[in-house]
2 protein chains.
Amino acid sequence: MHVNDIDAGLGHPGLEPLPCTGARLRRLNRRTTVFYEQYLRPLGLRLTQYSVLVHLGSAPQALLELADRLEMDRTTLTRSLRPMIERGWVVASRGSDARLRLLSLTPDGLALRERARGQWVRAQRSLEAVLGRAFTCELNQRLEEALARIKPSLPEEN
Amino acid sequence: MHVNDIDAGLGHPGLEPLPCTGARLRRLNRRTTVFYEQYLRPLGLRLTQYSVLVHLGSAPQALLELADRLEMDRTTLTRSLRPMIERGWVVASRGSDARLRLLSLTPDGLALRERARGQWVRAQRSLEAVLGRAFTCELNQRLEEALARIKPSLPEEN
DNA sequence: GTCATTTACGTGCATACGCACTTTATAGCA
DNA sequence: TGCTATAAAGTGCGTATGCACGTAAATGAC
């Protein structure tokens, strides 16, 4: 087996646990991140930044709303936005509710997003070429299914 | 579809790219990491630290060798080890080749590793309960297969 | 209208990640 | 033996992550 197995027996009743799903996910996630970032690097974008870009638009959007859609920690997003604001891709403003920090893309940000989308298409096609299109489709479905069963931990619902 | 889709059409020849596999992987990885860490938190362990623990033993092992096995950046491992050394779980020493930093678990580290393994078993069983054992097994196989096809980017081979 | 609660957000701290560059030590060759 | 190439590791920097705590604004009970 190619991936290191994290499971040591431990005498206990019932079925043995399967090899560590989390380790495989982490490892595959790392490799695919590198894979996609090869295509985004020419644009000076990290994968996280790209994912923020594609979830932003011209319409102002509150930070928490964006964080929820990205399923990213609010405070992580705050800090991830800083370099994007400095580079003029994103603007932050305040509306009638002065608590909300409203975020939107600048024209530069919109243009970058389009270029980045083009690169993403190349990356995804390339990934499908490596994995096989049918396999990629199946994998997507399994990931989808797993996501449906493992709900995000929502601090707001506890 | 539950996961946000990162793909916008873009007119181009051939098949449309599938929805973003990387986004699904990242999202599922985040959720499962939270899932496993619920079980490791009582031991004061992050998932990364746990994965380092289970790849260490009493026998001294060079940093780069460990990093390769963990498929983790060498410099990341250097810094990840620091708190584990400070807490007395890991010791670093030099052998005949003074370049190599040899790492091994202390008795405390070994004891912690065993307790952590117990927690991992609980986490993995719990994950299998949520996803279904058969589905987890299938998912593991797909991840395995994808890992076999997407090789790690090895700086040493370039 | 006042004040406690809630909501949205920021910051401090620690871990995690990886690239570029530097340092130190070994290996290999003249 | 000495000098260069290579190997292993450390450090600076920037990004990424999330928890605990703090702050300001809005909400709601009275």
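Letters A, B, ... are given to chains in the order of the sequence lines, protein chains preceding strands, and every chain is numbered from 1. For clarity, every value in this text was computed on a predicted model and none was experimentally measured. Side-chain atoms are counted along with the backbone in the values below, which use heavy atoms only and exclude waters and symmetry mates.
To the nearest angstrom, P of dT17(D) lies 18 Å from CD of Gln49(B). Spacing between atom CG of Leu47(A) and atom C1' of dT17(D) amounts to 15 Å, rounded to whole angstrom units. Computed from coordinates, the Asp73(B) CG to dA16(D) P distance equals 16 Å when rounded to whole Å. Leu81(A) has its CG atom 17 Å from the P atom of dA8(C), to the nearest Å. A straight line from CG of Leu70(A) to P of dA16(D) spans 12 Å, rounded to a whole angstrom. The distance between atom CZ of Arg46(A) and atom P of dC19(C), rounded to the nearest whole Å, is 8 Å. Atom CD in Glu86(B) sits about 11 Å away from atom C1' in dA14(C), given to the nearest Å.
With hydrogens and angles ignored, a donor-acceptor pair closer than 3.5 Å exists between the side chain of Arg79(B) and the base of dG12(D). With hydrogens and angles left out, the side chain of Arg41(B) and the base of dG18(D) share no donor-acceptor pair within 3.5 Å. Checked by distance alone, Arg74(A) brings a side-chain donor or acceptor within 3.5 Å of a matching partner on the base of dG10(C). At a cut-off of 3.5 angstrom, the base of dC19(D) holds at least one donor-acceptor pair with the side chain of Thr75(A). Not a single donor-acceptor pair, N or O on each side, falls under 3.5 Å between the base of dG10(D) and the side chain of Arg101(B).
Side-chain atoms of Leu64(A) lie closest to dC9(C) of the nucleotides dG18(D), dA16(C), dC9(C). Side chain of Met72(B), nearest nucleotide from dA16(D), dG10(C), dC17(C): dC17(C). Set against dT26(C), dC9(C), dA26(D), the side chain of Asp97(B) has dT26(C) as its closest nucleotide.
Nearer to the 5' terminus of DNA chain C, by closest-nucleotide assignment, is the contact made by Leu102(A) (compared with the other of Leu102(A) and Arg30(A)). When each of Arg99(B) and Val34(A) is assigned the nucleotide of DNA chain C with its nearest heavy atom, Val34(A) is the one assigned upstream, toward the 5' end.
For Thr78(B), a side-chain nitrogen or oxygen approaches OP1 or OP2 of dG10(D) to under 4.0 Å. In this model, the phosphate group of dT15(D) is not approached by any side-chain N or O of Ser80(A) to a distance below 4.0 Å at OP1 or OP2. Put simply, Thr76(A) has no side-chain N or O that comes within less than 4.0 Å of OP1 or OP2 on dA16(D).
A 6.0 Å sphere centred on CZ of Arg94(A) holds more than 12 heavy atoms belonging to other residues, nucleotides or ligands.
For the residue pair Arg122(B)/Gln119(B), the side-chain donor-acceptor check at 3.5 Å is satisfied. Side-chain contact check for Thr106(B) and Asp108(B): no donor-acceptor pair (N or O, by modelled atom type) lies under 3.5 Å.
Nucleic acid contact class of Thr33(B) (heavy atoms, under 4.0 Å, all strands): none.
Between Gly44(B) and Trp89(B) the shortest heavy-atom distance is O-CH2, 4.1 Å. For the pair Leu25(B) and Asn29(A), the tightest heavy-atom approach, listed with the atom from each and the gap, is C-OD1, 3.9 Å.
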